[in-house]
There are 2 protein chains.
Amino acid sequence: MESKSSSAAFRAFCSQHGLAATHQRQILFEVVQEMEGHPSPEEIYARVRRRIPSISLATVYKNLHLFVESGIVGEVSLHHGSLRIETNRTAHHHLVCRGCKSITDLDEKSFRLEMEHDHISAAFQVERYSIEVVGLCPACKKE
Amino acid sequence: MESKSSSAAFRAFCSQHGLAATHQRQILFEVVQEMEGHPSPEEIYARVRRRIPSISLATVYKNLHLFVESGIVGEVSLHHGSLRIETNRTAHHHLVCRGCKSITDLDEKSFRLEMEHDHISAAFQVERYSIEVVGLCPACKKE
DNA sequence: TGACAGACGATAATAGTTATCTTCTAATAG
DNA sequence: CTATTAGAAGATAACTATTATCGTCTGTCA
Ligand SMILES: [Mn+2]
Ligand SMILES: [Mn+2]
Ligand SMILES: [Zn+2]
Ligand SMILES: [Zn+2]
């Protein structure tokens with residue numbers, strides 16, 4: 001029944017997004033949901049291969065993108081593909097478009113942040129914090 | 001005199017960090033400081049090449065890393081090399097070590113954030129925000 | 001004015017990701 | 001229960017980003 005409800009959730013997900021309910025897709029769906037932390041595509045691929053040794057890495061990437069688009073999984077900060085240098089050395093934050101990945105500076109004074117340091121291990125040496133406001137820019141909104 | 005003071009700043013920077021004051025390093029130093037926004041290494045390389053056509057991309061990368069380490073430039077969110085999937089769908093934030101790049105979840109309730117939406121163009125459709133607390137984990141602190 | 005550590009350039013190697021193309025299969029109309 | 005077909009999977013080539021290697025060169029300092 002665990003597998004039954006999980007399978008039902010998967011089928012619901014697929015029909016909502018107009019996707020075929022394939023075996024590979026289902027295993028990936030299950031594996032991603034049972035993994036903890038912030039795995040890379042390679043790590044997910046390694047796990048899925050234990051259940052479908054013949055699966056292709058490309059299939060994993062393609063479906064992860066679909067899952068991210070559908071919101072069933074997220075992305076730990078937006079992946080820009082390459083290193084981005086910050087030349088503005090004043091304290092500030094960012095507005096990031098998840099469509100075109102454009103980055104806009106936001107003045108620090110637009111935010112008032114209170115942090116309860118108690119929740120962060122005293123052994124961790126905090127140097128700074130940054131806030132990313134994520135969404136869609138005007139151009140990407142009308143895709 | 002502009003070049004003189006900038007050159008003095010560069011020399012001070014190099015001696016503080018035990019680096020040789022080379023021509024390539026100086027041009028890169030200047031170019032990075034006059035660029036705006038959040039350029040990629042390739043974009044910086046293109047700019048530096050206008051002044052030193054023979055410079056190598058590897059030199060640009062090596063020096064950008066040195067500049068980031070020294071804090072003279074920053075990084076727009078930490079670069080993890082690959083996409084990282086977020087499997088935790090509850091609202092939360094992250095503690096990130098700039099040494100080993102480990103990512104730890106932080107409960108949303110550890111923060112109280114007030115945003116002045118007025119400062120964000122109404123045309124930008126905000127979907128979520130995430131806070132990254134950056135620093136050094138215990139293991140990396142004693143490098 | 002050397003000696004030499006460290007910097008540079010060229011380029012090979014590796015990692016991450018995407019594109020292409022062929023084969024296969026889930027969905028579904030008959 | 002077939003036959004049809006759009007979309008999915010697999011194999012793999014291609015590409016982009018980044019790092020490593022290594023021979024040569026040069027800034028630094030005695
Ligand atoms: Mn910025
Ligand atoms: Mn997380
Ligand atoms: Zn956009
Ligand atoms: Zn660390």
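Order of the sequence lines fixes the chain letters, A, B, ..., with proteins taken first and strands second; residue numbering starts at 1 for each chain. Bear in mind the structure is a predicted one, so any value in this text is a computation, not a measurement.
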Exercise. What string of B, S and - do you get for nucleotides 21-29 of chain C, 5' to 3', if B is base contact, S is sugar-phosphate-only contact and - is no contact with any protein heavy atom under 4.0 Å?
Worked result: -----SS--
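Residue pairs meeting the side-chain hydrogen bond (donor to acceptor under 3.5 Å, both in side chains) criterion with at least one partner in residues 46-55 of chain B, sequence neighbours excluded, are B:Glu30-B:Arg51, B:Tyr45-B:Arg49. Here side-chain hydrogen bond (donor to acceptor under 3.5 Å, both in side chains) pairs that include residues 9-24 of chain A, with residues two or more places apart or in two chains, number zero. Applying the salt bridge (Lys or Arg N to Asp or Glu O under 4.0 Å) definition to pairs two or more places apart or across chains, those involving residues 84-104 of chain A are A:Arg98-B:Glu127.
Atom OH in A:Tyr45 sits roughly 16 Å away from atom P in C:dT18 (whole-Å rounding). The nearest whole Å value for the distance from the CD atom in B:Gln26 to the P atom in C:dA7 is 15 Å.
With axes fitted over five pairs at each extremity, the angle between the ends of the helix from C:dT1-D:dA30 to C:dG30-D:dC1 is 30° (10° resolution).
For the OP1/OP2 pair of C:dT18 and a distance below 4.0 Å, the side-chain nitrogens and oxygens of A:Tyr61 include no atom meeting the criterion.
Looking at residues 51-60 of chain B, you'll see B:Leu57, B:Ala58 sit with a heavy atom under 4.0 Å from some atom of DNA chain D. Within residues 63-84 of chain A, the residues having any heavy atom closer than 4.0 Å to DNA chain C are, in order of number, A:His65, A:His79.
When DNA chain D is scanned 5' to 3' for any atom under 4.0 Å from a heavy atom of chain A, the first and last hits are D:dA8 to D:dT18.
In this structure, B:Ser77 OG and B:Glu132 CD are separated by 5.0 Å, a value rounded to the nearest 0.5 Å. One finds the CG atom of A:Leu83 at 10.0 Å from the CG atom of B:Leu78 (value rounded to the nearest 0.5 Å). Interatomic distance, B:Leu106 CG to B:Ser130 OG, rounded to the nearest 0.5 Å: 11.5 Å. Atom NE2 in B:His79 sits 10.0 Å away from atom NE2 in A:His80 (nearest 0.5 Å). Rounding to the nearest 0.5 angstrom, the gap separating the CG atom in A:Leu95 from the OG atom in B:Ser121 is 8.5 Å.
Of all non-hydrogen atoms in A:Cys100 and A:Cys137, the two that sit nearest each other are SG-SG, 3.9 Å. Across all their heavy atoms, A:His92 and A:Thr90 have their closest contact at ND1-O, 2.7 Å. Here the closest non-hydrogen pair linking A:Lys141 and B:Ala123 is NZ-O, 3.0 Å.
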Donor-acceptor pairs are to be reported for all side-chain atoms of residues 60-68 of chain A against protein atoms at under 3.5 Å, with residues two or more places apart or in another chain.
from    : atom 1 : to      : atom 2 : distance (Å)
A:Asn63 : OD1    : A:Arg25 : NH1    : 2.8
A:Asn63 : ND2    : A:Thr59 : O      : 3.0

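In this structure, A:Met115 is not a member of the same hydrophobic cluster as B:Val96, with clusters built from ILVMFWY side-chain heavy atoms closer than 4.5 Å.
Every residue meeting the ring pair (Phe, Tyr, Trp, His ring centres under 6.0 Å) condition with A:His38, not counting sequence neighbours, appears here in chain and number order: B:His94. The ring pair (Phe, Tyr, Trp, His ring centres under 6.0 Å) search around A:Phe111 returns A:His93, not counting sequence neighbours.
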For nucleotides 1-3 of chain C, list the nitrogen or oxygen atoms of the protein found under 3.5 Å from its nitrogen or oxygen atoms, one pair per line.
none

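Side-chain contact between B:Ile72 and B:Gln33 is present, with heavy atoms from C-beta onward closer than 4.5 Å.
A donor-acceptor pair under 3.5 Å links the side-chain atoms of A:Thr87 to the main chain of B:Gly37, judged by distance alone.
At a threshold of 4.0 Å, the pair A:Glu116-B:Arg112 counts as salt-bridged, since one of the basic side-chain nitrogens sits closer than that to a carboxylate oxygen.
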